[in-house]
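See below for the structure under consideration.
Sequence lines set the chain letters: A, B, ... in the order given, protein chains first and strands last, and positions in each chain run from 1. Heavy atoms only: backbone and side chains are in, while hydrogens, waters and symmetry mates are out. Just so it is clear, the model here is predicted, and its values are computed rather than measured.
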Amino acid sequence: MINNRQRNNRRGIAIVMVIGLVAIIVPVLYMLSQLGTSQTKLAFKYHENLLTETTALSGSNAGISRLRGNIRGYQSLTNQLIGDESYSLTLRPTGKGFFEQDLYYLLANSQIKSHHYAIMAEAEQFNPQPSPPVLVIARDYWNTVEPYEIDQVADVLSMQNDRGVDLLRLDETREYEKNATPDQYSTELLAKSSMLPAEIVPDWPEIVENLKSEKLSM
Amino acid sequence: MYRHYKRKSDRFGVTLVEIIVASAILAFIGGIVGHWFFLQREYQGRIFAISDAQQTIRQASWRMMQELRTARSVLFPRINADKSIRSDSKVVFKSFAGDVICYYYLASEKEIRRCKIPNGPGVPTADSEPVARNVDQLAFTASDEGNRIIDIFMEVKGTFGLESVYLINE
Amino acid sequence: MKKVLFLVLVLLVGLTSQTALADAPDDVDQIQLRDPLELERAAMQYMLAFEAYVTTRRSKDPNVRSKMVKMMQEYRNAYARFLEMLREDKLYAPNKPKDPAGWYDEKHKKIKGYKREWKKTDAKELRAEVKEMVKNGATPEEIKAFIQAKLPTAPMSIDPGIYTTTTSASAFPLPTQTVPAQGTIPTPTQTVPAP
Amino acid sequence: MKKSGMSLLEIVISISIAVVIFIPAMNMFSTTGQAVFKTRNFSFANSAARRISQRLMAMPYEDIVEVPLPGIALFDAPAESFFAPFLNTSGTNSGAKNITQADMPEFYSYLVQHDFRYSLSVSNVSFGDGDEIKSVGILITWSENNKNMMYRLYVYVPSL
């Protein structure tokens with residue numbers, strides 16, 4: 001015959017076991033379930049990143065198409081849909097060229113959740129003679145993942161400055177190419193071969209040959 | 001003399017038979033659970049390997065794509081003389097600012113590395129940190145006669161990464 | 001009341017600066033006024049080189065597409081040459097929005113009191129000819145020679161000051177000015193009398 | 001006499017608690033594994049669509065045409081499709097590799113296992129007078145545990 005004290009002991013042990021079991025298993029289950037979802041989240045975050053880039057590029061192509069379609073002057077378009085995503089587009093006149101063509105900053109950006117992608121380029125829109133499509137020349141596309149608002153002058157100015165730094169370096173490299181003769185240019189580049197990683201050295205002559213054949217010449 | 005032993009029905013304890021039976025049951029259950037845990041552990045290792053591989057591919061691709069996107073032209077590899085595509089374990093291109101950038105595969109370390117060669121005076125500098133680690137295969141393929149598209153094919157532990165970049169500048 | 005005024009000011013500033021982003025040059029005096037013909041020839045060259053390059057890219061003919069790298073190079077060189085001129089004449093700064101004609105006119109106005117009248121064109125006929133040549137499989141060298149030959153030989157833009165002196169006696173006697181000879185821009189001999 | 005032991009009810013309750021706890025735990029790893037495998041397939045479909053979107057930017061504008069469903073397989077792809085030839089470490093066309101059983105067995109088996117295919121829907125869009133741009137819907141389809149999966153990416157391709 002078992003007395004009350006033993007029954008209470010047994011009930012106590014049972015309760016402790018159940019609570020202990022639950023206290024261990026539930027967190028383990030939760031952690032294991034997070035494992036799958038965290039991987040899925042990582043994949044989706046990366047996918048959103050790529051999607052902002054693809055959408056912003058499509059936005060800049062749409063901007064060029066508008067200019068070729070002879071839509072002139074300042075334009076600031078937001079929430080332009082492509083598929084299920086949206087982009088913003090700003091065409092900001094900056095001045096005139098020597099054939100009265102309008103010069104623009106072409107800015108396109110896309111945002112999906114916390115991911116941003118902005119593109120900034122220059123575009124020249126000539127005048128239709130007599131009718132569109134109009135000659136449009138775009139160049140020096142520049143990209144950033146900083147969360148710039150492309151319709152705000154302050155953000156455009158800081159993008160302009162960041163991009164300007166790269167363009168300054170571009171002027172230097174062009175200056176270097178222009179001032180060197182082809183042979184001088186390839187000799188100086190070949191001389192760097194000794195300082196290159198081993199994986200690049202075997203093909204460096206072919207690379208320098210391509211650089212030389214496409215060297216800036218005025 | 002034996003009064004201090006309680007009668008059988010009052011004694012509280014476990015007999016040898018009960019212990020043997022209980023341990024047999026426990027061993028059986030323990031074996032099943034242990035095997036299950038081993039299987040899951042091995043399965044978990046494979047899952048972690050795949051997800052780490054995916055993460056490696058993502059980070060490496062994104063980094064290279066951002067720089068290739070605004071580059072001006074691919075210098076190496078280029079399509080063959082007979083216009084067929086050409087692949088190599090490195091890509092060399094002229095960046096937005098006009099410098100020469102190279103991403104190459106270090107087979108011994110299974111790493112992707114980056115090196116910048118100034119298009120002008122100055123010495124080449126290799127990045128101290130690799131772009132990606134534990135990469136089993138890397139191939140850059142040129143397929144465009146204008147030298148403005150480069151395909152990236154990566155394999156990390158049986159997981160395949162495929163990326164392509166169109167260079168928007170000239 | 002102050003808050004209302006401040007809000008109106010912010011809105012106004014916001015609106016006015018929203019549209020154009022034209023930046024004045026750092027120092028107008030530093031700007032050099034080169035012979036407009038040189039600038040027009042350089043601009044026309046890169047326009048036509050761009051047309052040749054784009055036609056190659058759009059073409060489906062493998063023979064034409066094989067010249068894409070050369071055409072891109074010609075366009076790069078032509079535009080770099082134009083940019084070089086702008087840089088020499090201080091008509092361009094990498095971190096500033098481009099407005100070459102605007103900056104040129106600003107100096108022009110400072111010297112002569114009026115802007116130059118630039119020709120509004122996109123060289124449609126010339127571009128059509130270049131496009132035709134590319135489609136017919138012309139070599140990059142032939143196209144470059146053709147473009148060189150078709151560049152303007154006389155300024156396409158007009159110096160309006162010339163007409164005002166000959167056609168009508170205006171209330172304000174403007175300085176008589178002979179057409180500048182090809183080559184260098186004459187230094188101003190006479191200052192414009194105050195209105 | 002009150003006898004010690006457990007009633008049937010207690011045993012049933014304890015076993016049901018054990019079942020409720022252990023069964024999800026036992027297949028937790030496999031659901032995690034499925035999530036990771038699904039993610040891998042999704043990421044691969046995403047990058048295949050992007051590869052096509054980049055090719056569209058460089059190919060002749062008139063060559064961008066509709067590819068109806070069920071689409072073209074990524075494996076054993078016809079020549080001049082977006083995925084053939086695939087790699088070529090030699091200097092001539094003879095060394096070109098395609099995604100076939102012979103050339104790339106592992107990659108080939110992965111693609112065949114999920115039957116990755118692509119198709120294109122092309123429409124012309126005009127934003128202004130006199131210019132057209134192509135809006136291309138790139139569709140990647142694949143199968144997973146006998147379910148048909150799909151990923152769609154839209155891009156604008158300029159006429160320049």
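Separation of the D:Phe86 and D:Tyr108 ring centroids does not fall under the 6.0 Å cut-off.
When D:Ala96, D:Ser94, D:Pro85, D:Ala48 are compared by the number of non-hydrogen pairs under 4.5 Å with chain B, D:Pro85 comes out ahead.
Looking only at side-chain heavy atoms (C-beta outward), D:Arg55 and B:Ser164 come within less than 4.5 Å of each other. A heavy-atom distance below 4.5 Å is not found between the side chains of D:Leu139 and D:Ser121.
Contacts between residues 137-160 of chain B and chain D, defined by a heavy-atom separation under 4.5 Å, are made by B:Gln137, B:Ala139, B:Thr141, B:Ser143, B:Asp144, B:Ile149, B:Asp151, B:Phe153, B:Glu155, B:Gly158, B:Thr159, B:Phe160. Taking 4.5 Å as the heavy-atom cut-off, the residues of residues 58-75 of chain B that approach chain D are B:Arg58, B:Met65, B:Arg69, ordered by number.
When each of D:Tyr110, D:Phe82, D:Phe75 is tested with D:Phe116 by the rule ring-ring contact (aromatic ring centres under 6.0 Å, His included), just one qualifies, namely D:Tyr110.
No part of D:Ser53 comes within reach of chain B, as not one of its non-hydrogen atoms sits under 4.5 angstrom from that chain. Proximity to chain B (any heavy atom under 4.5 Å) is restricted, for D:Phe83, to the side chain, taken from C-beta onward. Neither the backbone nor the side chain of B:Asp88 has a heavy atom closer than 4.5 Å to any heavy atom of chain D. Heavy atoms of D:Ser43 lying under 4.5 Å from chain B belong exclusively to its side chain. Of the two parts of D:Phe107, the backbone and the side chain both hold a non-hydrogen atom closer than 4.5 Å to a non-hydrogen atom of chain B.
Atom NZ of D:Lys134 is surrounded by more than 12 heavy atoms from other residues, nucleotides or ligands within 6.0 Å. Within a 6.0 Å radius of CD in D:Glu106, other residues, nucleotides and ligands contribute 12 heavy atoms or fewer.
The main-chain N or O of D:Ala77 is never found under 3.5 Å from a side-chain atom of D:Ser81 such that the two would form a donor-acceptor pair.
With no hydrogens or angles considered, no side-chain donor-acceptor pair links D:Thr100 and D:Asn98 at under 3.5 Å. A donor-acceptor contact closer than 3.5 angstrom links the side chains of D:Ser159 and D:Asp131.
Taking a cutoff of 4.0 Å between a charged side-chain nitrogen and a carboxylate oxygen, B:Asp99 and B:Lys94 do not qualify as a salt bridge. Remark: B:Glu163 does not engage D:Arg51 in a salt bridge, criterion side-chain N to carboxylate O under 4.0 Å.
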Inset, instruction - Show your working on side-chain contact (heavy atoms from CB on, under 4.5 Å) between D:Asp76 and D:Ile99 and close with a plain yes or no. - result: CA-CA 6 Å; D:Asp76 295 332; D:Ile99 308 175; over 6 Å; no
